[in-house]
2 protein chains.
Amino acid sequence: METAPAAHQPHWDAALRAAGRRVTRQRLAVLGVLERTPHLEAEAVLREARHALPDLTLQSVYVILTDLTNSGLLRRIEPPHSPARYETRVGDNHHHAICTSCGRVEDVDCAVGHAPCLTPSWTPGSRPMTIHVAEVLYQGVCSDCLGLAEAAAPELSS
Amino acid sequence: METAPAAHQPHWDAALRAAGRRVTRQRLAVLGVLERTPHLEAEAVLREARHALPDLTLQSVYVILTDLTNSGLLRRIEPPHSPARYETRVGDNHHHAICTSCGRVEDVDCAVGHAPCLTPSWTPGSRPMTIHVAEVLYQGVCSDCLGLAEAAAPELSS
DNA sequence: GGGCTTGTTTTGAATTACTCACAATAAGTG
DNA sequence: CACTTATTGTGAGTAATTCAAAACAAGCCC
């Protein structure tokens, strides 16, 4: 019998090697968690990963998330007023919608083809830059929170 | 003669009153600084505002920036890996480009009409939200940094 | 135009999210 | 299996921002 450290998809194995990184249980755990439930923040990743790896530390999670992001295996999302979130969906230029009430993040495909706003029209007086990426962040209210708000709006007491 | 606290545009006076806020020297200083030089972070606002108000504190600047943002007199920009920045240009839905090298921010008008991507196409499997605003953040390299990079690329010594 | 009320600012400490230095550990290699 | 070196763990540190409570000052009343 082998060590069989939880069920880890072999493709993460290959992806790590392809990125020139060693295959460790910690990295596989983090990748597995984020593949299963995207858009988690570091604390939540730790919480989930500890089911498989009880001794994993928050600092290690930070190191791993940063390293895997730099390696191109993860993508970091940084919504306002929220710690950074991570996802395994990389390589396409999809965007995100965040609920201003509960903070939930959903994926949004690019609405206007594959590179919607990569040719900005500069405000007069500004000095143009060479643009590499354009990220669109939608802010709104998710269906759950909308329902809650409507239910709570009539009477403000409770 | 009056107290004449530096040259403050009377329109901020009116704007503050219209927002139901008291007109204080601190707020006028902050608004004046940001009107003159947009996209400053809190520390820089303090530095500039202290020319007129030497005793102003950083915490007050934070309180003022937050309050004026909530009152609709300022807009907050939160670029990744950078403290928040503020500007007096509110009420239009313009966007921003940030130089990944020096952090400079430039204004970008909306490329595709006045509400470019307000109708997102949801990724299959995601739960749609009611979108209120769509912010586009362009990341690139400004002309200055591009020049520097080209000049420095050949020899890495100095 | 002096006092009063209440919104603002200041002071000082605390918090959140994250980073760093260095020691301990364990992948991968021969 | 031993060895090298990437990776993780430990403990402390930092940057940006927030909070509680006291000091202050705008704007209103007269």
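A note on names: the letters A, B, ... follow the listed sequences, proteins ahead of strands, and every chain is numbered from 1.
At the phosphate of C:dT9, OP1 or OP2 sits under 4.0 Å from a side-chain N or O atom of B:Thr24. At least one side-chain nitrogen or oxygen of A:Arg27 sits closer than 4.0 Å to the OP1 or OP2 atom of D:dT7.
In this structure, A:Asp55 reaches the sugar-phosphate backbone alone: every heavy-atom distance under 4.0 Å involves primed, P, OP1 or OP2 atoms, never a base. Contacts of A:Ser60 with the nucleic acid, taken as non-hydrogen atoms under 4.0 Å apart, include base atoms. At the heavy-atom level, B:Leu56 lies under 4.0 Å from the strands shown only through sugar-phosphate atoms.
Spacing between atom CG of A:Leu28 and atom P of D:dT7 amounts to 13 Å, rounded to whole angstrom units. What separates CG of B:Asp67 from P of C:dT10 is a distance of 14 Å, to the nearest Å. The distance between atom CD of B:Glu41 and atom P of D:dA15, rounded to the nearest whole Å, is 13 Å. In this entry the distance linking CD1 of A:Ile64 with P of C:dA27 reads 12 Å, nearest Å. Put simply, CG on B:Leu53 is 10 Å from P on C:dT9, counting in whole angstrom units. The distance between atom CG of A:Leu65 and atom C1' of C:dT19, rounded to the nearest whole Å, is 14 Å. The CG-P distance, from B:Leu46 to D:dT17, rounds to 13 Å in whole Å.
Closest contact between the side chain of B:Arg17 and the listed nucleotides C:dT10, D:dG9, D:dG27 involves D:dG27. Distance from the side chain of B:Tyr62 is smallest to D:dT18 among D:dT7, C:dT9, D:dT18. In this structure, of D:dT5, C:dA13, D:dT8, it is D:dT5 that holds the atom nearest to the side chain of A:Arg22.
Classification of B:Glu106 and B:Arg104 as a salt-bridged pair holds, one side-chain N sitting under 4.0 Å from a carboxylate O. Ion pair B:Arg76/B:Glu41 not flagged as a salt bridge, since none of the NZ, NE, NH1 or NH2 atoms sits closer than 4.0 Å to an Asp/Glu carboxylate oxygen. By the 4.0 Å N-to-carboxylate-O rule, B:Arg50 lies too far from B:Asp55 to be salt-bridged with it.
Neither side chain, A:Thr66 nor A:Thr69, offers a donor N or O lying under 3.5 Å from an acceptor on the other.
For the segment residues 72-85 of chain A, the set of residues with a heavy atom within less than 4.0 Å of an atom of DNA chain C comprises A:Pro83, A:Ala84, in numerical order.
The 5' end of DNA chain C is approached more closely, in terms of each residue's nearest nucleotide, by B:Gln26 than by the other of B:Gln26 and A:Leu58. Mapped onto DNA chain D by nearest heavy atom, A:Thr57 and B:Gln59 fall at different nucleotides, with A:Thr57 at the one closer to the 5' end.
Hydrophobic clustering (ILVMFWY, side-chain heavy atoms < 4.5 Å, transitive): A:Val63 and A:Val23 are in distinct clusters.
The side-chain hydrogen bond (donor to acceptor under 3.5 Å, both in side chains) test with B:Thr123 is passed by exactly one of A:Asp92, A:Asp109, A:Asp107: A:Asp109.
Partners of B:His96 according to the ring pair (Phe, Tyr, Trp, His ring centres under 6.0 Å) rule, which considers only residues two or more places apart in sequence or in another chain, are B:His39, B:His94.
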